[in-house]
Amino acid sequence: MFSGLSAFPLTPMSEQGIDEAAFVRLIEQLVTANVDSIGVLGSTGNYAYLTMAERARVVRLAVEHAGNIPVMAGIGALRTRDVLTLAEDAEAAGVTGVLLAPMSYQKLFPDEVFGLYETVTHALSVPLCVYDNPGTTQFIFSDELHGQIAHLPNVASIKIPGVPEDATEARTRVEALRVRIPLNVTLGVSGDAFAVTGLNAGCDAWYSVIGGVFPAAALAITRAAQAGNAQEATRLSERLQPLWKLFNESGGSLRVVAAAAELQGLAESPCLPLPLKTLDKEGRRRLANLIDQLDLS
């Protein structure tokens, strides 16, 4: 499950709770598209805004409606005891794997992060993906630390935060990390605008935000890269440049994909936890035009 396209859907919600019907619609869309795996409760899944009980419910819904598509669930939390509880809940729900970011309020040191993964991986019965996301966690992994964690039991993949834009530099980056990790541990790229560069540079997986709401577009890029057709994969990604630009102008991808789900009738408005908001009127107009012009719906 740690290769190909891993689609990360939104968790639609209001101040009254999770919109379970909308979440199930998003999962079913991914099943119909036949993505390689589904990643729930990542950053796009708003895991940090949910209670433990809500997170357990989201995971159960995902597994129940994912059919034969493997499900990976985010288990990040501020305290190790809560991470372990979330891992137990996810395993009980029947996930195929878990995703763990080193969440923090106080700044974490490398030995503390290693201790987190050491404790959790020894308690797991399913494989784990290391979630390297300095934009939200404010923790920067060194290659040395990645290598140490990758040798722990049950570690199966590392989700890295993009690669250099230059193709040669990207391949050098991927190869430098790969020599430190076991052969059975895959590398997956995130940061959708850089995904094609990472895939063409040798990453095994794309952990994708747009895959959660526009799976056909993400699959086309992924399959071209997997077939060794770097030129076609790049063309398909460059076609989406106006979408990547809107991501940057909106403070990231979350507000854009939330608005996209609303515009396509997949989620009610509003669908983000306050104080977060989706795009303003002008942003929604631009996004609606992009969805039509790029034939994303």
ask   = Between L86 and L41, is any pair of side-chain heavy atoms under 4.5 Å apart?
value = no
message: Using a 6.0 Å cut-off, check whether atom CD of E15 has over 12 heavy atoms from anything other than its own residue.
response: yes
### Message
Other residues, nucleotides and ligands only: do more than 12 of their heavy atoms fall within 6.0 Å of CG on L274?
### Response
yes
Q: State whether the side chain of E91 and the backbone N or O of S125 hold a donor-acceptor pair below 3.5 Å, judged by distance alone.
A: yes
Does atom CD of Q241 have more than 12 heavy-atom neighbours, drawn from other residues, nucleotides or ligands, at distances under 6.0 Å?
yes
inquiry  = Tell me whether R223 is salt-bridged to D36, with the criterion being a basic N under 4.0 Å from an acidic carboxylate O.
reply    = yes
Using modelled atom types and a 3.5 Å cut-off, is there a donor and acceptor pairing between side-chain atoms of T11 and backbone atoms of G45? yes
- prompt: Would you call L276 and P273 a side-chain contact if the rule is heavy atoms closer than 4.5 Å?
  reply: yes
Is the side chain of R55 donor-acceptor paired with the backbone N or O of G74 at a distance under 3.5 Å, no angle test? yes
Would a distance-only check, ignoring hydrogens and angles, find a side-chain to backbone donor-acceptor pair under 3.5 Å from R171 to N200? yes
Checklist entry - Under a 4.5 Å cut-off applied to non-hydrogen side-chain atoms, are L240 and D192 in contact? => result no
Go through it in stages, so that I can follow the logic: the residues are R235 and E238, the test is salt bridge (charged side-chain N to carboxylate O under 4.0 Å, His left out), and I'd like the CA-CA distance, side-chain angles, deciding distance and then a yes or no. CA-CA 5 Å; R235 183 189 72 81; E238 289 179 346; over 6 Å; no
*asked:* Tell me whether D295 is salt-bridged to R239, with the criterion being a basic N under 4.0 Å from an acidic carboxylate O.
replied: no
Are the side chain of R60 and the backbone N or O of A93 linked by a donor-acceptor pair below 3.5 Å? no
Does any donor atom in the side chain of E144 or S142 lie under 3.5 Å from an acceptor atom in the other side chain?
-> no
For the pair L10 and L254, evaluate side chain to side chain contact (heavy atoms under 4.5 Å, CB included) and give the outcome as yes or no after the intermediate values. CA-CA 8 Å; L10 181 74; L254 175 61; 3.8 Å; yes
query = Between S237 (side chain) and A233 (backbone), is there a donor-acceptor pair under 3.5 Å?
reply = no
task = Verify, without hydrogens or angle tests, whether S157 (side chain) and T186 (backbone) share a donor-acceptor contact under 3.5 angstrom.
result = yes
Q | S190-N133 side chain donor-acceptor pair, cut-off 3.5 Å | A | no
Checklist line | Close side-chain approach of F141 to P134, heavy-atom, < 4.5 Å | finding: no
*asked:* Strictly distance-based, threshold 3.5 Å: is any side-chain N or O of N154 a donor or acceptor partner for the main-chain N or O of L124?
replied: yes
- request: State plainly whether the residues D166 and R173 are in salt-bridge range, i.e. N to O under 4.0 Å.
  value: no
So do the side chains of N68 and V31 get within less than 4.5 Å of each other, counting heavy atoms only?
no
Connected to Y131, directly or through other members, by ILVMFWY side-chain contacts below 4.5 Å are M1, F2, F8, M72, L99, Y207
- List the steps, then state whether side chain to side chain contact (heavy atoms under 4.5 Å, CB included) holds for V35 with S208. CA-CA 11 Å; V35 299; S208 174; over 6 Å; no
When every non-hydrogen atom of S6 is compared with those of S37, the smallest separation belongs to OG-OG, 2.8 Å
inquiry  = Main chain of A224, side chain of N229: is a donor-acceptor contact present, judged purely on distance under 3.5 Å?
reply    = no
_Whether R178 side chain and G202 backbone form a donor-acceptor pair below 3.5 Å_ = yes
Taken in chain and number order and not counting sequence neighbours, the residues that satisfy side-chain contact (heavy atoms from CB on, under 4.5 Å) with F194 are E165
Legend entry - Flag if over 12 foreign heavy atoms under 6.0 Å of CD, Q231: no
Exercise. Heavy-atom distance under 4.5 Å between the side chains of L272 and N46, does that happen here?
Worked result: yes
| Considering only heavy atoms from C-beta outward, does the side chain of H122 approach that of P153 to under 4.5 Å? | yes
Check: Is there side-chain contact between L100 and L116, with at least one heavy-atom pair below 4.5 Å?
Finding: yes
- Item | Lys/Arg-Asp/Glu bridge criterion (N-O < 4.0 Å) met for E54, R57 | no
